[in-house]
Amino acid sequence: RVWISWTNKALRDEQGNLLEILCVGTDSTARKQIQDKNKLYQARLRSLAEELTTSEEKERWQISRYIHDTIVQNLSLSSMKMSRMQSPLINASLTQEAQELQTTRDLIDEAIAECRTVMSELTPPLLYELGLIPALKGLAEGLHQRHGIPITIKKNSDFDCTDNVLRGLLFQSVRELVINALKHATCSNVGIAVALTGNEVQINVQDDGCGFDPSLPNHSDKHSGFGLFSVRERIENLGGRLEIESAPGCGTKIRIFMPLRGK
C-alpha cells in the first residue's frame with residue numbers, strides 16, 4: 001500500500017474549451033510515514049511530560065510531609081524544652097542566660113515559620129482542600145499583603161479543576177507569572193481571569209506595568225528570567241499553549257490555554 005497525492009489541472013485551448021485533464025500522482029508514502037512517526041513521538045513525549053508532572057506533584061507532597069514530620073516536629077520539641085528551662089534560670093537570677101535562651105527560641109520559631117511557608121508553597125492547603133479558585137484568591141491576598149499591589153480574581157463560572165496534577169500545574173504557573181509581574185513589570189495592578197470554554201481552561205494574567213516587546217529573542221532574559229520559559233515548556237508539554245501580548249509602556253497579558261486531561 002502506498003500513499004499518493006493527486007493534482008488535477010484542466011488544459012484548455014485558446015477559446016477556453018476544455019481539451020483534457022492532466023492528473024499527476026506523487027508518491028507521498030515516505031512523508032506520510034514520517035508524519036505518523038512524529039505523531040507517535042509527540043504522543044510519547046506528552047505521556048512522559050504527564051508522568052514527570054505527576055512525579056513532581058508527588059515529590060512536593062513527600063518533601064512537605066518530611067518537613068512537617070521531621071524538621072518542624074524537632075524544632076517545636078526543642079522550643080518546648082527550652083521553654084521549660086527558662087523558669088529555673090530566672091529563679092536562679094540568671095537573667096542574661098534566660099534572655100539568650102529566649103533569643104534562641106525566637107530563632108527556632110522563625111525557622112518553624114519559614115518551614116511552614118515552604119510547605120504552603122509546595123502544597124497549598126487551599127488548592128487541595130477547596131480547589132484552584134480559592135487557592136488563587138489566597139495567593140492574591142498573600143501577595144497583596146507582601147507587596148502592597150492589588151490582585152483581582154475573576155471567573156466565568158463555578159468551574160474548578162478536580163485533577164490534582166493539572167490544577168497543581170496551573171496554580172504553580174499562575175503564581176510564577178504573577179510574581180514575575182510584581183518583580184519586573186513595575187505595575188500597580190494585576191488581574192487573573194479564569195474561564196472554561198468547552199473542554200479547555202483559559203487563564204489570563206494581566207498587569208498594567210512597563211511591558212516589553214515579545215518579538216525580541218531575549219525578552220525573557222530581561223523581563224522574566226527563567227520563569228516564563230519554564231512555564232511555557234510545562235504548559236506546552238501537556239498539550240497546552242501560552243500566548244504573550246505586550247508592548248513597551250502598554251502592560252502585559254499572558255494567556256494560558258490548557259485542555260482538561262482525559263477529555
Side-chain angles (χ1 to χ4, degrees), residues 41-67 117-143 151 153-184 190-207 220 224-245 252-263:
Y41 292 151
Q42 290 174 359
R44 290 179 179 176
L45 179 61
R46 184 171 300 178
S47 177
L48 290 173
E50 291 182 0
E51 292 179 7
L52 177 61
T53 303
T54 302
S55 177
E56 289 177 344
E57 186 74 10
K58 291 180 180 179
E59 287 180 358
R60 282 197 292 268
W61 276 101
Q62 291 174 353
I63 294 172
S64 183
R65 283 196 295 267
Y66 176 79
I67 293 175
T117 299
V118 172
M119 291 167 53
S120 178
E121 292 180 352
L122 288 172
T123 55
L126 287 176
L127 180 63
Y128 300 99
E129 295 175 5
L130 300 179
L132 178 61
I133 303 300
L136 291 177
K137 291 181 179 179
L139 173 68
E141 292 175 1
L143 292 177
I151 303 172
I153 306 290
K154 295 182 180 180
K155 60 176 183 175
N156 73 337
S157 66
D158 293 331
F159 154 80
D160 203 345
C161 179
T162 57
D163 185 325
N164 282 341
V165 174
L166 181 56
R167 66 182 174 182
L169 172 65
L170 292 174
F171 178 82
Q172 299 292 343
S173 298
V174 171
R175 180 171 66 179
E176 184 70 35
L177 295 177
V178 173
I179 291 177
N180 278 339
L182 296 177
K183 287 183 176 179
H184 304 286
V190 178
I192 303 172
V194 182
L196 177 64
T197 305
N199 290 328
E200 185 178 64
V201 184
Q202 177 180 343
I203 302 180
N204 297 339
V205 179
Q206 184 171 5
D207 66 71
S220 59
S224 60
F226 182 72
L228 183 55
F229 170 80
S230 176
V231 170
R232 183 191 295 276
E233 288 295 306
R234 290 171 179 268
I235 293 296
E236 291 182 350
N237 284 341
L238 286 184
R241 66 186 189 279
L242 185 141
E243 298 179 355
I244 303 174
E245 179 182 331
T252 300
K253 177 186 286 187
I254 299 179
R255 300 183 182 92
I256 295 175
F257 300 89
M258 176 62 67
L260 296 182
R261 283 155 49 102
K263 297 293 182 179

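Basis for what follows: all heavy atoms, side chains included, without hydrogens, waters or symmetry-related copies. In this chain, numbering begins with 1 at the start of the sequence shown.
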Test side chain to side chain donor-acceptor pair (under 3.5 Å) applied to S173 - qualifying residues, sequence neighbours left out:
none
With heavy-atom distances below 4.5 Å as the criterion, would you say the side chains of I256 and L177 are in contact?
yes
Please report the shortest heavy-atom distance between M258 and L238, naming the atom on each side.
SD-O, 3.8 Å
So, taking the atom named CD1 in I151 and the one named CD1 in I153, what distance separates them when rounded to the nearest 0.5 Å?
7.5 Å
Taking atom types as modelled, find out whether Q172 and R175 have a side-chain donor-acceptor pair closer than 3.5 angstrom.
yes
First locate atom CG of L132, then atom CG of L166, and finally report the distance between them rounded to the nearest 0.5 Å.
8.5 Å
Contact summary for A135 and F171, nearest pair of heavy atoms
O-CE1, 3.5 Å
Please give me the minimum heavy-atom distance between G240 and P259, naming the atom from each residue.
CA-CD, 3.9 Å
Quick one: CD on E141 to CG on L126, what's the gap to the nearest 0.5 Å?
9.0 Å
Taking the side chain as every heavy atom from C-beta outward, state whether R255 and L242 have any pair of such atoms under 4.5 Å apart.
no
Kindly indicate whether the side chain of R232, heavy atoms from C-beta on, has any atom under 4.5 Å from the side chain of E243.
no
Under 3.5 Å, is there a donor-acceptor pair between the side chain of N156 and the main chain of L196?
yes
Does any part of the side chain of L228, heavy atoms only, come nearer than 4.5 Å to the side chain of I254, both counted from C-beta?
yes
Minimum heavy-atom separation for L127 and G168, please, with both atom names.
CD2-CA, 3.9 Å
With a 4.5 Å limit on heavy-atom distance, are the side chains of F257 and I235 in contact?
no
Are R234 and L169 close enough that some pair of their side-chain heavy atoms sits under 4.5 Å apart?
yes
Are the side chains of N204 and I192 in contact, using a 4.5 Å heavy-atom criterion?
no
Any chance you could measure L48, atom CG, to N237, atom CG, to the nearest 0.5 Å?
9.5 Å
Measure the CG-CZ distance between L136 and R167 for me, rounded to the nearest 0.5 Å.
11.5 Å
Here the salt bridge (Lys or Arg N to Asp or Glu O under 4.0 Å) pairs for residues 193-202, sequence neighbours left out, are E200-R241
Rounded to the nearest 0.5 Å, how far does CD1 of I63 lie from CD of E56?
10.0 Å
Derivation and outcome, side-chain contact (heavy atoms from CB on, under 4.5 Å), residues S64 and R60
CA-CA 6 Å; S64 183; R60 282 197 292 268; over 6 Å; no
Mind checking whether T252 and E245 have side chains closer than 4.5 Å, heavy atoms only?
no
Using the side chain to side chain donor-acceptor pair (under 3.5 Å) criterion, which residues pair with Y128? Sequence neighbours excluded.
E57
